[in-house]
Amino acid sequence: MNVKEYNISVDQYADNLFRFALKHLKNEMSAKDVVQETFTKVWEKHEEISFEKAKSYLFTTAYHAIVDWVKKEKRIGDDVSKEIMSQEEAPFDLQAILHEALDRLPAIQKSVVLLRDYEGYSYDEIADICKLTAAQVKVYIFRARQTLKAYLKSTEIIV
Amino acid sequence: MKNAINIENYESFYLDFLEGNLDETTSVLLLAFLDEHPELQVDCDMPVLDEEFPILDRMYKDQLKVWDESSSISHANIEPFLIAEKEGVLSAQQKQELQVFLAANKQYASDQQLYSFSTLQPELSVQYPNKKALKRKEILVLWPYISGAVAACIVVLFYLFPSVETIHLQSAARGMSRENPTFQQNPNDDNHLAVEPLIVQKKLKKTVVFPREIRKNAKVDILEVLPANELAVQDKLPTKFDPVTPKIIDPKSTEIQPSGDDYTLAMKNPVAPLTRKISEVIKKEVDYKKGSDAKENRKGFYLKIGSFEISTNRSTQPSRN
């Protein structure tokens, strides 16, 4: 990947990575840090990465950065994300409810569902990013869908 | 058996008794032994673990199960099939079977609808604020272009500013022309044969022809002609005028003047990569050679740029004038 292709990757995937990180971290500053750290790591190895694999490499790197960040925050016991969540207004549309339900999922289920719905990755691609098997990914997605459906049903938003 | 129970092992018999694992005979013997030894305080109210513990709910247990894709659709596994339909991983046959099952069991229609709505959509309004800071700048390698421009400037300098030897030669040539009118060519002479022009006339912009070449009917002023035995010499352009008899060459002859001179062969191009580069830049043949001959005490150079050629061959001995 040359400089031009790297810069094209920035234009194409920076927003996607930012949304992915923000959904996990619920903190804009942390999400920006993850995006910056991701692109820095990819730039360091850009000569070894082909342009066609750039997206996959970016999301893999971002996913691991998010996992590390979450572990670190759990040790510190940061309550900022909880405060942000509590300040959110009550959802009034389907997507808002779904995103509220998304926050109730375990981190790994949240990751696989976001990669599936936001980025359209296949089970195999998600498995590569999250270092799982395709069977595990399928199981996590199935469980996540059941949780989301149960939450939708409980809100009775759909008649 | 009565002797089997003693103060060393009564406790194990007692535990078996509590758990109901002793037969009637052994139980009677144990109780008799305990009556005989009241100092052994046996606690009849021994704590027992509570057998009640939480039961996992059905939904949690269902989530732990792995969906068997090859199984037929039933009430027990309708949920995984509905999810698989939403994920788009059902085969055509499975889709058909599912439709048949749902048609027969309309209570699952709402679940199917809820699963169809469970796709998350990205919030496109959420964007990374400063993408420009993430980008890297391209470093343009300029040295090939700079070196080509320098080479082109050198070529132009050579063209615009001729060497000192050339200027002297031109002055000598003009002198020779005035003093030796017999050397001038008569263009109306039918018997005129071509003679090799050897000196550049800058004003007339004629080009020097390399001694090896023969031009037919070349209409130039004969300013100086080298003697025959010196024709093979590449560039002998003396700084002092030496009148010589012109040699007339038959233009029909295709013989190429032999060069075979050791001095000529000793000329070499010391900057072959540069001349090649300049040639590529200006799209014309460029050649430069220099050489010397210690025996002859001579040194000189030869430069060719396209159709322009210039050379010098001067003695290293001090000038007589």
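- Here the straight-line distance linking atom OG of B:S118 with atom NZ of A:K149 works out to 10.0 Å at 0.5 Å rounding.
- Checking A:D68, A:T61, A:N27, A:L25 one by one against A:V34, the side chain to side chain contact (heavy atoms under 4.5 Å, CB included) holds for a single residue, A:L25.
- Residue B:N130: no heavy atom, backbone or side chain, is found under 4.5 Å from chain A.
- When atom types are taken as modelled, the side chain of A:Q109 and the backbone of A:P106 share no donor-acceptor pair closer than 3.5 angstrom.
- To the nearest 0.5 Å, the span separating OH on B:Y108 from CZ on B:F81 amounts to 13.0 Å.
- Side-chain contact between B:I78 and B:L102 is present, with heavy atoms from C-beta onward closer than 4.5 Å.
- Under the 3.5 Å distance criterion, with hydrogens and angles disregarded, no donor-acceptor pair is assigned to the side chains of A:D33 and A:S30.
- Contacts of residues 114-126 of chain A with chain B at a heavy-atom distance below 4.5 Å involve A:L114, A:R116, A:D117, A:Y118, A:Y123, listed in sequence order.
- With hydrogens and angles disregarded, no donor-acceptor distance shorter than 3.5 Å links the side chain of A:Q146 to the backbone of A:R143.
- The most heavy-atom pairs under 4.5 Å with chain B, out of A:V113, A:L98, A:L22, A:L148, come from A:L98.
- In this structure, the separation between CD1 on B:I73 and CD on B:Q99 is 9.0 Å, given to the nearest 0.5 Å.
- No donor-acceptor pair closer than 3.5 Å links the side chain of B:S311 to the backbone N or O of B:F301.
- Residues meeting the ring pair (Phe, Tyr, Trp, His ring centres under 6.0 Å) test with A:Y6, sequence neighbours left out: A:W43.
- Between the CE atom in A:M1 and the CG atom in A:N7 there is a gap of 9.5 Å [rounded to 0.5 Å].
- Your options are B:T119, B:L120, B:I83, and the one with the most heavy-atom pairs under 4.5 Å with chain A is B:L120.
- When the candidates A:T40, A:V10, A:V3 are compared by the number of heavy-atom contacts under 4.5 Å with chain B, A:V10 comes out ahead.
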_Audit row: A:H24, A:Y63, ring pair (Phe, Tyr, Trp, His ring centres under 6.0 Å) steps and yes/no_ = CA-CA 10 Å; A:H24 280 82; A:Y63 173 75; 7.1 Å; no
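- Within the model, atoms CD1 of A:I97 and CG of A:L102 stand 13.5 Å from one another, a figure rounded to the nearest 0.5 Å.
- Residue B:L124 touches chain A through both its backbone and its side chain, counting heavy-atom pairs closer than 4.5 Å.
- Listed in order of number, the residues of residues 51-60 of chain A that approach chain B to under 4.5 Å between heavy atoms amount to none.
- Rounding to the nearest 0.5 Å gives a distance of 12.0 Å between CG of A:L152 and OG of B:S110.
- There is no contact between B:K132 and chain A, counting heavy-atom distances below 4.5 Å.
- When A:K4, A:H46, A:Q36 are compared by the number of non-hydrogen pairs under 4.5 Å with chain B, A:Q36 comes out ahead.
- Both the backbone and the side chain of B:E123 have a heavy atom closer than 4.5 Å to some heavy atom of chain A.
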*asked:* Please evaluate residues B:E280 and B:R276 with respect to the criterion salt bridge (charged side-chain N to carboxylate O under 4.0 Å, His left out), reporting the C-alpha separation (whole Å), side-chain torsions for both, the decisive distance (0.1 Å), and the verdict.
replied: CA-CA 6 Å; B:E280 288 171 13; B:R276 266 200 301 276; 5.8 Å; no
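- With B:Y115 as reference, B:E79 is the one residue of B:K86, B:E79, B:E87 to meet the side-chain hydrogen bond (donor to acceptor under 3.5 Å, both in side chains) rule.
- When atom types are taken as modelled, the side chain of A:E48 and the backbone of A:K45 share no donor-acceptor pair closer than 3.5 angstrom.
- Both the backbone and the side chain of B:A84 come within less than 4.5 Å of a heavy atom of chain A.
- Using a 4.5 Å cut-off between non-hydrogen atoms, the part of residues 12-19 of chain A that approaches chain B consists of A:A14, A:D15, A:F18, A:R19.
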